[in-house]
Amino acid sequence: MHVTTIANQKGGVGKTTTSINLAVGLANAGKRVLLLDFDPQANTSSGLGVDVDDNVSAYDSLLEGTPLSTCIIKTRFENLDIVPANMDLSGIEIELAGKDDQILRLKSILQPLKDSQEYDYCIIDTPPSLGILMTSALTAADDVLIPLQCEWFGLEGLSKIIKIIFQIKESGSNPKLEIGGIIMTMYDGRTNLSKSVVAEVKEYFGEEMYDTLIPRSVRISESPSHGLTIYEHDKNGVGANAYLAVTKEFIKRNPS
Ligand SMILES: Nc1ncnc2c1ncn2[C@@H]1O[C@H](COP(=O)(O)OP(=O)(O)O)[C@@H](O)[C@H]1O
Ligand SMILES: [Mg+2]
């Protein structure tokens with residue numbers, strides 16, 4: 001099971017949208033996928049039409065060490081299971097503060113699932129903050145995918161997340177963590193701004209930047225409110241095609 005964490009400490013950059021549409025894209029391609037919603041806001045869970053009031057999340061597992069497999073529920077998609085989030089998760093920051101293994105716990109509760117080889121990929125969606133949830137998800141990951149909005153302030157945020165990734169590698173908690181890629185989101189080809197942000201990222205990060213640019217699309221922003229993925233909400237539209245292309249690039253970069 002290859003573990004990919006989707007992270008950027010900035011909110012509203014497309015983490016959740018990418019988590020949902022990449023996970024479903026992979027499942028549609030026949031891969032066995034576990035989606036871990038690690039944001040107490042639970043947008044990934046509700047965006048997939050999963051009931052977030054059922055009180056299932058990784059909380060107990062993180063706190064008591066109960067198997068994470070007991071928190072897994074099936075989605076309406078074949079091959080796609082989810083560990084949903086709920087507001088309890090926000091308490092983790094306080095509950096685990098000061099414990100020496102705080103950021104290692106997620107990694108250790110994921111290990112039995114890695115060993116079981118039940119899934120090809122695990123995708124972790126994270127909250128827009130630099131707390132324990134995000135650092136745990138980076139510690140547990142093989143690589144990190146960074147969605148980046150095609151705006152200037154996006155670039156500022158990028159240097160910060162890159163710094164955190166290096167800190168996690170150097171601290172020894174996850175020396176093998178790699179940058180799996182940067183995905184440019186909300187691209188508007190009519191503006192010079194979008195083009196120059198993409199050019200800048202390409203210049204500094206080269207191949208790490210995904211070739212696929214996710215366009216700014218009303219259809220993409222509408223889909224979660226219907227509990228639908230972009231593949232269902234606007235099949236054959238530009239958004240669906242872009243996420244399909246991202247899925248293909250992802251599989252090529254991370255063969256299962
Ligand atoms: N490519 C896109 N085009 C237009 N709107 C988008 C796009 N991607 C995401 N959005 C919308 O932008 C908002 C933030 O996206 P989201 O994925 O929730 O970001 P994050 O998880 O990083 O906070 C949501 O309302 C979402 O529907
Ligand atoms: Mg989100």
Side-chain angles (χ1 to χ4, degrees), residues 4-25 35-50 52 57-58 82-87 89-90 92-93 123-131 133-134 136-138 144-151 153-158 160-161 164 180-191 193-195 197-198 201 209-247 249:
T4 294
T5 287
I6 306 215
N8 186 329
Q9 75 286 350
K10 277 191 176 292
V13 299
K15 290 183 292 296
T16 296
T17 305
T18 300
S19 300
I20 291 174
N21 293 298
L22 174 60
V24 173
L35 184 53
L36 172 55
D37 189 355
F38 221 42
D39 182 349
Q41 298 293 329
N43 293 337
T44 290
S45 309
S46 57
L48 277 171
V50 171
V52 295
S57 75
I82 186 170
V83 175
N86 57 28
M87 279 313 281
L89 265 187
S90 57
I92 285 292
E93 301 279 345
I123 306 290
I124 308 178
D125 187 23
T126 59
S129 63
L130 297 174
L133 290 168
M134 202 234 256
S136 301
L138 290 175
V144 49
L145 257 188
I146 308 168
L148 191 72
Q149 215 179 331
C150 295
E151 301 278 355
F153 58 71
L155 291 171
E156 291 165 20
L158 183 59
K160 201 176 258 176
I161 178 102
I164 292 156
I182 298 168
I183 298 184
M184 306 305 296
T185 63
M186 305 184 208
Y187 178 78
D188 183 346
R190 294 167 306 180
T191 67
L193 177 61
S194 270
K195 286 181 192 148
V197 172
V198 167
V201 172
M209 193 187 90
Y210 268 53
D211 293 331
T212 309
L213 308 172
I214 306 291
R216 184 176 283 284
S217 140
V218 174
R219 306 293 273 164
I220 291 179
S221 60
E222 285 169 353
S223 50
S225 59
H226 302 282
L228 296 175
T229 65
I230 191 61
Y231 312 111
E232 299 158 300
H233 185 57
D234 190 23
K235 194 173 183 249
N236 304 323
V238 288
N241 286 339
Y243 272 110
L244 208 59
V246 159
T247 303
E249 269 196 85

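Start at 1 with the first residue, then count along the sequence. Whatever order the structure lists ligands and atoms in, that order sets their numbers, starting from 1. These values consider heavy atoms only, across backbone and side chains, with no hydrogens, waters or symmetry-generated copies.
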Is it the case that the side chain of [X] and the backbone of [Y] share a donor-acceptor pair, with hydrogens and angles ignored and the cut-off at 3.5 Å?
| X | Y | result |
| --- | --- | --- |
| Asp188 | Arg216 | no |
| Thr126 | Phe38 | no |
| Gln149 | Met186 | no |
| Ser46 | Gly49 | no |
| Thr185 | Leu148 | yes |

- Do Ile6 and Ile123 touch side chain to side chain, with heavy atoms closer than 4.5 Å?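 Heavy-atom side-chain distance check passes, below 4.5 Å.
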- Asn21, Thr229, Thr18 screened by side-chain hydrogen bond (donor to acceptor under 3.5 Å, both in side chains) with Tyr243, the one that passes: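 With Tyr243 as partner, side-chain hydrogen bond (donor to acceptor under 3.5 Å, both in side chains) holds for just one option, Thr18.
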- Task: Using non-hydrogen atoms of the residue, decide whether Asn43 is closer than 4.0 angstrom to ligand 1.
- Result: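 Asn43: no contact with ligand 1 (<4.0 Å).
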- Query: Ser223: heavy atom below 4.0 Å from ligand 1, yes or no?
  - Reply: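 No; Ser223 lies far enough from ligand 1 that no heavy-atom distance drops under 4.0 Å.
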Any N or O on [X] sitting closer than 3.5 Å to an N or O of ligand 1?
| X | answer |
| --- | --- |
| Pro215 | yes |
| Lys15 | yes |
| Gly12 | yes |

Residue and atom name of the nearest protein heavy atom (relative to [atom]), distance in Å to one decimal:
| atom | value |
| --- | --- |
| atom 7 (C) of ligand 1 | Ile220 CG2, 3.5 Å |
| atom 11 (C) of ligand 1 | Ser221 CB, 4.0 Å |
| atom 18 (O) of ligand 1 | Thr16 CB, 3.8 Å |
| atom 19 (O) of ligand 1 | Gly14 N, 3.0 Å |
| atom 12 (O) of ligand 1 | Met186 CE, 3.7 Å |
| atom 24 (C) of ligand 1 | Thr17 OG1, 4.9 Å |
| atom 4 (C) of ligand 1 | Ser217 O, 3.1 Å |

- Reported OG1-to-CG distance for the pair Thr4 and Leu36, which is rounded to 0.5 angstrom: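 These two atoms lie 12.0 Å from each other.
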- Task: Enumerate the atoms of ligand 1 whose separation from the nearest heavy atom of Val13 is less than 4.0 angstrom.
- Result: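 The list of qualifying atoms is 19 (O), 20 (P), 22 (O).
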- Item | Set of side-chain hydrogen bond (donor to acceptor under 3.5 Å, both in side chains) partners for Thr5, sequence neighbours left out |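 Counting only residues at least two positions away or on another chain, Thr5 forms no side-chain hydrogen bond (donor to acceptor under 3.5 Å, both in side chains).
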- Message: Taking 2.8 Å as the limit, list every protein N, O or S atom around the Mg ion (ligand 2), by chain and residue number.
- Response: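 Listed by chain and number, the atoms are Thr16 OG1.
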- Are Asp125 and Thr16 linked by a side-chain donor-acceptor pair shorter than 3.5 Å?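 Yes, because at least one side-chain N or O of Asp125 sits under 3.5 Å from a partner of the opposite role on Thr16.
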- Query: Under a 4.0 Å heavy-atom limit, does Pro147 contact ligand 1 with its side chain, its backbone, both, or neither?
  - Reply: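 Near ligand 1, Pro147 shows nothing, with every heavy atom at 4.0 Å or more.
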